[in-house]
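Read the structure below first, then the notes.
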Amino acid sequence: MEKESIAVGLDIGTTKIVAMIGKKNEYGKLEILGVGKSKSLGVARGVVNNITQTIQSIQQAVHEAEVDSGYKIKDVVVGIAGQHIRSIQHSDYISRSNPEEVISENDIDLLINQVHKLAMLPGEEIIHVLPQEFKIDGQAEIKEPIGMYGGRLESSFHVVVGQASSIRNVGRCIKSSGLDLSGLTLEPLASADAVLSQEEKEAGVALIDIGGGTTDLAIFKDGIIRHTAVIPFGGNVITDDIKEGCSIIEKQAELLKVKFGSAWPGENKDNEIVSIPGLRGREPKEISLKNLSKIIHARVVEIIEQVFTEIKSYGHEDPRKKLIAGIVLTGGGAQLQHVKQLVEYITGMDTRIGYPNEHLAGNSSEEISSPLYATAVGLVMNSIRNNTVSAVPLKELEVEKVVVAPIRREVVAEPVYEQEEVHVEEAPKRVAMAEKPTSTEGRMKKSFFDKYIDKIKEFLDNAE
C-alpha cells in the first residue's frame, strides 16, 4: 500500500521557530495537520549563533507539532535566510557536438554544472541556480528547451549565494535535533509560493517579507524570479528603538509595538497615552502613542527605503521591467498598522498584504492564515512537491516497535522506524521519479538539491 505524502516545513526565524505538518486534501489544497512554535533562541538576523539553544528551540517546536498532529516527524524542508545571502545574474552557454540530436536533460545538466563552477568569494557557496530563459542558436525567450534542435544552448540564471558555514550550521542543528534534512529553500521563495498568484508573477511583483531579524525581497516578472535580496533589518530593530526611546524593557516594547504601534504618526492624537507598569514598586510610566508611532515610523521608513533601493537596482522603471502587480507585504512585520499605506506613499506602487490562505484548505484556523506563517506554509508546499513522506502516524510507530524490537536486539537504542522507513520508501520513490517526466526547472531544482543535501550530509558525517 502506498503511503500518504506527509510534508513538514521548518522555518528557523530570528524571533520564532515554526514546525508545520501538512498534506494535500482531495481538492488539491494544503491541509495543515499540526503546528509547533517556539521562541527562537540562538538565531540572530537569520543566522545561527548558538547551536545548543537553536537545537533546543527546534526540538520544542517539533515536539509541539507532533503532539498537535499525532505524527512523528522524520525529515524536514528548511528555509535559508540571513544577511549573508546575496544573488547574482549570470549567463552561460554550451556548444553541442551534434546539433542534429534533440536537446536532452543531459545538455541542461551540463549547462547547470558549468554554472556551479563559478568562482565565488572565499567561504561562499551557491545555494540556488534558478533558470530564467533559454536561447537556442540565438532564438531567445525559450522556456522549455528539451526536445528542440540546436548547436548552441544558452541560458540566463539567477544564482543565489550564501556562506557555507552558516548553511552547515543549520544542517548541524537539524541533525542534532534527531531529524533528517530533505530540502533547502531560500525563505523569500517559500513565502512567494505561499502568498503570490501565478498572475501576479507574470505581471511583475515584488514580495517583501518583513521578519524579526531580516527583511527578504523577491521580484518576479513573466513568471520568472528576477531578483532576490536580504536586508539585515526587521521587526526586532523597531522593538529595540522603542525600548531605547521610551526607556522600557524589551518585553514591554514588543507588546507596545504589537498592540498600539502604527507606522503612520498622523493617526494618533496628542492626548492618547498608554500607561506601563513600573519596575519593582516604581511609578507607572506614561507613553504618548504619537511618540511611539514616530519612533516606529522612522525605522520602518529606513527599512522600506532600503528595499526600494533594491527594487530600483532591478530596474523597475524600465517599461519592460515594470512591476504591474506592485508590492505584496508578508511576514510578522506586515501586521503593523498602516504599514501598507506607508509603503504605497514611499514607493508609489500598489500594495497589498499577503496572506497564505489561497493554498490552504477551507477549515484552516485563522492563526495559520496570518502573514506570520507565510514562510512555513511555503516550505510545506515545497516538501509536498518533492513527494516526501516526512512524518508517520504515531500509532503505526507503536505497532512497528512491538513487532521489530525482539528481532533486532542489537539496535534497540536506535529509533526503529527510521531504519524501516528508509529501505521501504527510498527505492520506489527514486524509480517513480525516474519514470515520471518533469519540467526543466523542476528537474533542475531536484537534481541540484539532491547533490547539495548529500554534500551537507557528507560534511556533517565527516565532522563527527
Side-chain angles (χ1 to χ4, degrees), residues 11 13-18 37-46 53 57 61 81 208-216 231-307 329-346 351 353-355 366-376:
D11 175 15
T14 306
T15 48
K16 68 179 188 325
I17 290 178
V18 178
K37 191 170 114 177
S38 67
K39 188 169 170 53
S40 182
L41 303 168
V43 181
R45 291 187 173 169
Q53 287 184 328
S57 297
I208 302 173
D209 185 340
I210 308 171
T214 58
T215 298
D216 304 334
I231 286 110
F233 297 114
N236 284 3
V237 193
I238 301 169
T239 306
D240 285 345
D241 284 358
I242 297 168
K243 185 179 84 171
E244 298 298 327
C246 300
S247 302
I248 53 176
I249 61 171
E250 192 171 337
K251 195 176 174 184
Q252 292 172 336
E254 182 65 28
L255 271 171
L256 265 181
K257 180 182 79 174
V258 172
K259 287 198 167 183
F260 303 104
S262 164
W264 202 269
E267 288 297 312
N268 299 111
K269 296 183 179 70
D270 291 323
N271 60 355
E272 287 181 318
I273 286 170
V274 63
S275 182
I276 287 177
L279 296 172
R280 274 315 269 278
R282 292 174 180 82
E283 289 291 311
K285 191 174 283 249
E286 291 189 341
I287 290 164
S288 156
L289 290 189
K290 189 151 192 119
N291 286 343
L292 175 70
S293 62
K294 278 178 181 173
I295 294 168
I296 294 170
H297 174 81
R299 182 60 81 176
V300 175
V301 165
E302 187 187 348
I303 293 170
I304 295 164
E305 281 178 346
Q306 286 212 31
V307 175
L329 290 172
T330 193
Q335 297 178 116
L336 190 64
Q337 274 190 343
H338 306 113
V339 71
K340 170 184 172 292
Q341 289 86 334
L342 184 61
V343 171
E344 284 182 337
Y345 176 75
I346 291 171
T351 305
I353 305 294
Y355 298 93
E366 199 174 314
E367 190 189 7
I368 294 165
S369 304
S370 151
L372 205 66
Y373 291 101
T375 305

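When a residue number appears, it is its place in the shown sequence, counting from 1. Atoms considered below: every heavy atom in the structure, side chains included; atoms not considered: hydrogens, waters and symmetry mates.
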Derivation and outcome, side-chain contact (heavy atoms from CB on, under 4.5 Å), residues Gln335 and Ile353:
CA-CA 8 Å; Gln335 297 178 116; Ile353 305 294; over 6 Å; no
Starting at CG of Leu329, measure out to CD of Glu344 and round the result to the nearest 0.5 Å.
9.0 Å
First locate atom CD1 of Ile304, then atom CD1 of Ile210, and finally report the distance between them rounded to the nearest 0.5 Å.
6.0 Å
In terms of heavy-atom contacts, Ala376 and Val18 come closest through CB-CG1, 3.9 Å
Output, in order, the C-alpha distance, side-chain angles, deciding distance and verdict of side-chain contact (heavy atoms from CB on, under 4.5 Å) for Tyr345 and His338.
CA-CA 11 Å; Tyr345 176 75; His338 306 113; over 6 Å; no
Can you name the residues that form a salt bridge (charged side-chain N to carboxylate O under 4.0 Å, His left out) with Lys257, not counting sequence neighbours?
Glu254
Shortest non-hydrogen contact between Pro265 and Lys294, atoms and distance
CB-CG, 4.0 Å
Taking every non-hydrogen atom, the tightest pair across Ile303 and Gly234:
CD1-O, 4.0 Å
Looking at Ser57, is its backbone amide N or carbonyl O close enough to the side chain of Ser38 to form a donor-acceptor pair, meaning the two atoms are under 3.5 Å apart?
yes
Could you give the distance from CD1 (Ile238) to CG (Leu256), rounded to the nearest 0.5 Å?
13.5 Å
Donor-acceptor pair, distance only, cut-off 3.5 Å: does the side chain of Thr239 make one with the backbone of Ala253?
no
Nearest heavy-atom neighbours spanning Gln252 and Ile248
OE1-CB, 3.5 Å
Has Gln341 got more than 12 heavy atoms of other residues, nucleotides or ligands less than 6.0 Å from its CD?
yes
Mind checking what makes salt bridge (charged side-chain N to carboxylate O under 4.0 Å, His left out) contact with Lys290, not counting sequence neighbours?
none
Does Glu305 have any salt bridge (charged side-chain N to carboxylate O under 4.0 Å, His left out) partners at least two apart in sequence or in another chain, and if so, which?
none
Check the pair Lys259, Val274 against side-chain contact (heavy atoms from CB on, under 4.5 Å), reporting the backbone distance first and the verdict last.
CA-CA 11 Å; Lys259 287 198 167 183; Val274 63; over 6 Å; no
Who are the side-chain hydrogen bond (donor to acceptor under 3.5 Å, both in side chains) partners of Glu286, not counting sequence neighbours?
none
Hey, is the main chain of Gly354 close enough, under 3.5 Å, to the side chain of Thr330 for a donor-acceptor pair?
yes
To the closest 0.5 Å, what do you measure between CD1 (Ile231) and CD1 (Ile208)?
8.0 Å
Are Tyr355 and Pro371 packed together at the side-chain level, in the sense that at least one heavy-atom pair is separated by less than 4.5 angstrom?
yes
Contact check, side chains of Gln337 and Trp264, non-hydrogen atoms, under 4.5 Å
no
The criterion is side chain to side chain contact (heavy atoms under 4.5 Å, CB included); which residues satisfy it with Ser369, sequence neighbours excluded?
Asn357, Leu360
What distance separates Leu279 CG from Ile249 CD1, expressed to the nearest 0.5 Å?
5.5 Å
Looking at CG of Asn291 and CD1 of Ile242, how far apart are the two atoms once the value is rounded to the nearest 0.5 Å?
12.0 Å
Test your reading of the model: is there a side-chain donor-acceptor pair from Gln53 to the backbone of Leu41, 3.5 Å cut-off?
no
Check whether Thr14 reaches the backbone of Gly46 with its side chain - one donor and one acceptor, N or O, closer than 3.5 Å.
yes
Shortest non-hydrogen contact from Ile295 toward Gly245:
CD1-CA, 4.1 Å
Would you sort out whether Ser40 and Thr15 count as a side-chain contact (heavy atoms from CB on, under 4.5 Å), showing the intermediate values?
CA-CA 5 Å; Ser40 182; Thr15 48; 5.6 Å; no
Of all residues at least two apart in sequence or in a different chain, which pass the salt bridge (charged side-chain N to carboxylate O under 4.0 Å, His left out) check with Glu302?
Arg299
